[in-house]
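Structure, as structure tokens:
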Amino acid sequence: MVDTDSGWDGRGGRGSRGTRDTGGTWGMRGARAPDALPDRRVAAPDRGVAAPDSRVAAPDLRAALPGRRVAAVSLVALAALATGCEPGTATGAPEASPPVRPTQAAAPSPTRTAPVTEDAKPRTAPPPSPSASTSPPAPAPATARPAPEPSTAPPPRVLMRTGSESDRVRELQARLRQIGHFGRNPTGYYGSVTADAVRSFQAKRSLPVTGSTDEVTWQRLLAMTRVPKAAELRPPTERPLAAPDERCLKGRVLCISKNSRTLAWMIDGKVVSAMDVRFGSEYTPTREGVFEVFWKSRDHVSTLYDTPMPYALFFSGGQAVHYSADFAANGYGGASHGCVNVRDKKKVAALFDQVRTGDKVVVYW
């Protein structure tokens, strides 16, 4: 027989559809609060049998309430403990002693130093040993060298430079030629070729490269060379003379051949002296023909080119026979502006003294 008054439907546990008990016997829907109340199905005798009143046999639900609250509080405390919160006190519940928390070692305070082993002790720097040092020794301060005082000695005296002309220049050229620095015959004139030869010599001997011959350069050159012979100092400068033009066979004539590049000073068909000459370039050619000397100028300077023209013998407009320092220094590597250049200064000086105004000049091939 099923007791319909008890709320049991014979299909399962109570509480799925609620209970008649308003005292809160079930703490959760469909689940019983643990240890809150004995199962009434067990505690209450069958009503079909004579039994004491169920209200007497069943324990008072309200009297059991404090125990259920204690159990609920315990669950809350356990949940709080699991989350790290401090347990609270349930309102209206008897004071309950908090659960004993497991003993844990106190975490070290950030300001306190935990005991360490010997290996973990902070190490202090050992005293430096003779064989090892924790840091490289400081370098000894460099001794500042005093700045070299400027030399008070005067520079070597210059003996020869570009533009100089003398027998010493001729010797300089001959000595430079002995050791391969000067590839021409000595002329006695210090031109650009001689200056380049001196620079070459100075550079090879680690001397100041100036192109001028000072006392130091000169003494070094003297120590390395011998005294030049007469043939070395004054080699023949005349080129082989060409057969003279027939216009040169009578009278006083400056017979100038472009073919042999020579000048022959002739009197009545006889050669008095001869010398090497060079002519103008293709843009300023030396005029050919028969002329006469109309003006002599010993220390002439060209007003057109601002160039010295010593011992000038003018025969055709601005063209003249004269000494050329450039010809003496550079040879046939250059050309004149139409004049007849002579590179032997002594010979042209002697020629200047012998030639008269009105003497014939013949220029031919």
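Model, not experiment: these values are computed from the prediction. Positions are given from 1 along the sequence.
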For Arg287, what residues pass the side-chain hydrogen bond (donor to acceptor under 3.5 Å, both in side chains) criterion, not counting sequence neighbours? Ser316
Tightest non-hydrogen contact, residues Ser297 and Phe352, listed as N-CE1, 3.7 Å
Hey, are the side chains of Thr262 and Met275 touching, using non-hydrogen atoms and a 4.5 Å cut-off? no
For residues 252-283, which residue pairs qualify under disulfide (SG to SG under 2.5 Å), counting only residues two or more places apart or in two chains? Cys248-Cys255
Identify whether the distance between the nearest side-chain nitrogen and carboxylate oxygen of Lys270 and Asp268 falls below 4.0 Å. no
With a 4.5 Å heavy-atom cut-off, do Leu172 and Val198 have their side chains touching? yes
Could you work out, with disulfide bond (SG atoms under 2.5 Å apart) as the rule, every residue matching Cys339, not counting sequence neighbours? none
Sorted by chain and residue number, the salt bridge (Lys or Arg N to Asp or Glu O under 4.0 Å) partners of Arg168 (sequence neighbours excluded) come out as none
Can you pull the salt bridge (Lys or Arg N to Asp or Glu O under 4.0 Å) pairs that have at least one residue in residues 181-201, sequence neighbours excluded? Asp196-Arg199
Return the set of residues passing salt bridge (Lys or Arg N to Asp or Glu O under 4.0 Å) with Glu292 (not counting sequence neighbours), or none when no residue passes. none
Less than 3.5 Å apart, any donor N or O on the side chain of Arg234 or Asn185 sitting next to an acceptor on the other? no
Members other than Val253 in its cluster, when Ile, Leu, Val, Met, Phe, Trp, Tyr link by side-chain heavy atoms under 4.5 Å? Val290, Val362, Tyr364
Any Glu171 side-chain heavy atom under 4.5 Å of Pro228 side chain: yes
Presence of salt bridge, Glu165 and Lys345, under 4.0 angstrom: yes
Between Leu176 and Leu222, is there a shared hydrophobic cluster once you connect ILVMFWY residues whose side-chain heavy atoms come closer than 4.5 Å? yes
Transitively linked via ILVMFWY side-chain contacts under 4.5 Å: Val271 with Val340? no
Which pairs pass salt bridge (Lys or Arg N to Asp or Glu O under 4.0 Å) with one or both residues in residues 251-262, sequence neighbours excluded? Arg252-Asp359, Lys258-Glu288
Here the pair of heavy atoms bringing Glu232 nearest to Lys229 is OE1-N, 2.7 Å
Polar contact flag, side-chain donor to acceptor under 3.5 angstrom, Thr194-Gln173: yes
Is there a side-chain contact between Met309 and Phe314, using heavy atoms and a 4.5 Å cut-off? yes
Here the side chain to side chain donor-acceptor pair (under 3.5 Å) pairs for residues 325-340, sequence neighbours left out, are Ser192-Asn330, Arg278-Asp326, Asp326-Asn330
Taking the side chain as every heavy atom from C-beta outward, state whether Leu254 and Lys360 have any atom pair closer than 4.5 Å. no
Taking every non-hydrogen atom, the tightest pair across His322 and Val348: C-CG2, 4.4 Å
Restricting to pairs with a member in residues 199-228, which pass ring pair (Phe, Tyr, Trp, His ring centres under 6.0 Å), not counting sequence neighbours? His181-Phe201
Salt bridge (Lys or Arg N to Asp or Glu O under 4.0 Å): which pairs involve residues 203-215, sequence neighbours left out? Arg157-Glu215
How about Ile256 and Val321: do any of their side-chain heavy atoms sit closer than 4.5 Å? yes
Salt bridge (Lys or Arg N to Asp or Glu O under 4.0 Å): pairs with one or both residues in residues 299-312, sequence neighbours excluded: none
Hydrophobic cluster membership, with links at side-chain heavy-atom distances under 4.5 Å among I/L/V/M/F/W/Y: are Phe327 and Phe315 in one? no
Ser212 side chain reached by Met160 side chain, heavy atoms, under 4.5 Å: no
Would Val293 end up clustered with Ile267 when hydrophobic side chains under 4.5 Å apart are linked, directly or stepwise? yes
Side chains of Met266 and Pro244, heavy atoms from C-beta outward: is any pair under 4.5 Å? yes
